[in-house]
Amino acid sequence: MRTQVAIVGAGPAGLMLSHLLHLRGISSVVVENQSRGHIEQRIRAGVLEQGTVDLLIESGVGDRLRREGLVHHGLELRFGGRGHRIDLSGLAGGRSITVYAQQEVVKDLISARLAAGGDIVFEAQGVSLHDISGPAPRVRYRKDEVAREIECDFIAGCDGFHGICRASIPPGALTAYDHVYPFAWLGILAEAPPVSPELIYCHHDRGFALFALRTPRLSRLYLQCRADEDPASWPEERIWDELRKRLGENGNAALQPGPMLQKGLTGMRSFVVEPMRQGRLFLAGDAAHIVPATGAKGLNLAIADVRVLAIALERHYRHGAPDALERYSDTCLRRVWRVQRFSAWMTSLLHLHEEGGKMRQRLQIAELDYLTRSRAAATAFAENYVGLPFDD
Ligand code: APR
Ligand code: PHB
């Protein structure tokens, strides 16, 4: 089989890239090692930046998002037992965020690609990359026990943090920056009305908690816990009790427990590789970088990468101009590092840290106090939270 761009991974990055390339008349094949059912059910974050929403809508895959997504103009920061609203839209020039689960974006993209005759190979086994630095790279895999090969001009490595694309680059060619946090989030999805129509990020001396939502009847709730915590040691009653404590007295009345549909642990990591390219292989999304979940930036950053890549590939195919592809890594990394900074800062601000003791906690409260009282500080927060503008 031959295509212009072979894409490894059918997460948001790979699917959106395939869609954006299709709109530009560039052919691609997406090779995914999981089943369609698996990737459509995989629960991840659910906050879309304004730029992500605009791009999904402009590119024709935003109909359901527009109908079902919940537009949020603010959020709450809760500390010292009291809530403080940040008026995101008022501070960030009318921009907002939209609550819409990542797996819904994945479903919308898969159905758009398939409706347009797009080629997505699910359940591909033993995916491997060949000749990434030569003029004719190839992707090999097995499907139904038959060996297959895709010849292409370029490979997009969109196969997430644990994929094979980054690992196919000789280690000496990349610089990795990595920090693993000593805590994690215990996340649950519960059939319970959200405590508030807006997200609540909660600083507490028992640890961080996040009260998020998926729909007006589905809550998505997170508790800071140890990195090696066993979710089995958190029966439902213990989770509700801990959420109640971290929400604090004056928010408690609103917490109405309901059946838990899912429970899992999310590790916290800041990770970047530089450059995001080797020869004809371009890395995008989680394959190149991971942010801790505190700012909900992972999906948004993946979409920003593939937007840059699609524009650069169009310049290459339409005008024979290699300049934008050559700048791909630098263009993406400028945004990646600004978003890493914000995500690491939010993580550090809101979590209970073992090191630093009472002094650190007291300084966190002072910073939160400043953030919620100073229009300048709140504006900087809002500008980052709703998403920085795309650079070209
Ligand atoms: N071969 C083919 N596909 C693979 C392989 C492989 N060897 N390894 C992994 N994959 C697939 C995964 O099954 C997954 O569907 O690659 C896809 C990667 O998707 P994501 O992990 O979702 O990564 P990405 O598309 O970059 O999306 C960004 O933002 O919210 C965060 O981490 C969250 O998924 C999210 C990400
Ligand atoms: C989520 O809805 O799952 C979510 C929201 C905000 C975050 C992280 C996750 O910062």
Side-chain angles (χ1 to χ4, degrees), residues 6-18 29-36 38-49 52 70 72 75 97-106 109-110 120-129 139-143 155-168 185 187-189 194 198-202 208-215 218-222 262 264 266-269 271 276 283-306 339 342-343 346-347 350 385:
I7 299 173
V8 184
L15 292 166
M16 186 65 176
L17 177 62
S18 180
V29 176
V30 181
V31 181
E32 163 64 50
N33 65 358
Q34 299 287 345
S35 68
R36 179 176 180 182
H38 178 89
I39 64 173
E40 288 190 343
Q41 298 310 320
R42 199 165 40 195
I43 296 180
R44 298 271 177 84
V47 174
L48 307 185
E49 293 177 353
T52 303
L70 304 172
H72 283 204
L75 58 72
I97 51 151
T98 299
V99 168
Y100 189 69
Q102 178 169 315
Q103 74 269 25
E104 304 307 319
V105 175
V106 164
L109 286 168
I110 290 177
I120 308 174
V121 181
F122 293 105
E123 297 175 87
Q125 295 143 355
V127 179
S128 60
L129 311 188
V139 174
R140 291 195 188 131
Y141 61 94
R142 276 175 288 109
K143 171 79 185 171
I155 299 173
C158 302
D159 54 347
F161 183 70
H162 300 286
I164 50 102
C165 289
R166 191 178 67 252
S168 308
W185 285 6
I188 63 151
L189 187 67
E198 295 184 339
L199 273 68
I200 305 177
Y201 285 88
C202 204
F208 169 73
L210 171 60
F211 296 80
L213 64 149
R214 286 291 176 270
T215 70
L218 264 188
S219 292
R220 182 72 175 142
L221 305 160
Y222 298 96
Q262 190 258 356
T266 303
M268 302 288 269
R269 182 171 209 144
F271 175 85
M276 289 169 56
L283 301 176
D286 276 17
H289 40 71
I290 294 283
V291 282
T294 323
K297 295 296 183 199
L299 162 86
N300 296 291
L301 211 44
I303 297 293
D305 288 348
V306 298
V339 173
F342 179 68
S343 302
M346 245 186 114
T347 302
L350 289 164
Y385 197 86

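Start at 1 and go down the list; that is how both ligands and their atoms are numbered.
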Which bit of A296 is near ligand 2, meaning a heavy atom under 4.0 Å away: side chain, backbone, both or neither? both
Heavy atoms of M268 and W185 approach each other most closely as CE-NE1, 3.4 Å
Is the Lys NZ or Arg CZ of K297 less than 6.0 Å from the centre of Y385's six-membered ring, within 45° of the axis? yes
So is M346 close enough to ligand 2, meaning a heavy atom under 4.0 angstrom away? no
Which of the ligand 1 atoms, numbered from 1, are nearer than 4.0 Å to a heavy atom of G11: 15 (O), 17 (C), 19 (O), 22 (O), 25 (O)
Below 4.0 angstrom from a heavy atom of L199, which ligand 2 atoms are there? Numbered from 1 as shown, please. 5 (C), 6 (C)
Under 3.5 Å: N/O of H162 near N/O of ligand 1: no
Go through ligand 1 atom by atom and flag the ones less than 4.0 Å from a non-hydrogen atom of G163. 8 (N)
With a cut-off of 4.0 Å, which atoms of ligand 2 are near a heavy atom of V47? 5 (C), 6 (C)
Can you list the ligand 2 atoms lying under 4.0 Å from a non-hydrogen atom of T294? 10 (O)
If you count the atoms of ligand 1 from 1 in the order shown, which ones are under 4.0 Å from a heavy atom of C158? 16 (O), 17 (C), 18 (C)
Would you please name every residue forming a side-chain contact (heavy atoms from CB on, under 4.5 Å) with A302, sequence neighbours left out? A13
Hey, does the Lys NZ or Arg CZ of R269 hover above the aromatic six-ring of F161, less than 6.0 Å from the centre and inside 45° of the axis? no
With a 4.0 Å heavy-atom cut-off (strictly under), which part of F211 contacts ligand 2: side chain, backbone, both or neither? neither
Does ligand 2 have a heavy atom under 4.0 Å from the side chain of L210, from its backbone, from both, or from neither? side chain
Of the listed options Y100, Y201, Y385, closest to atom 7 (C) of ligand 2 (non-hydrogen atoms): Y201
Checking the N or O distance criterion of under 3.5 Å, is ligand 1 in contact with I39? no
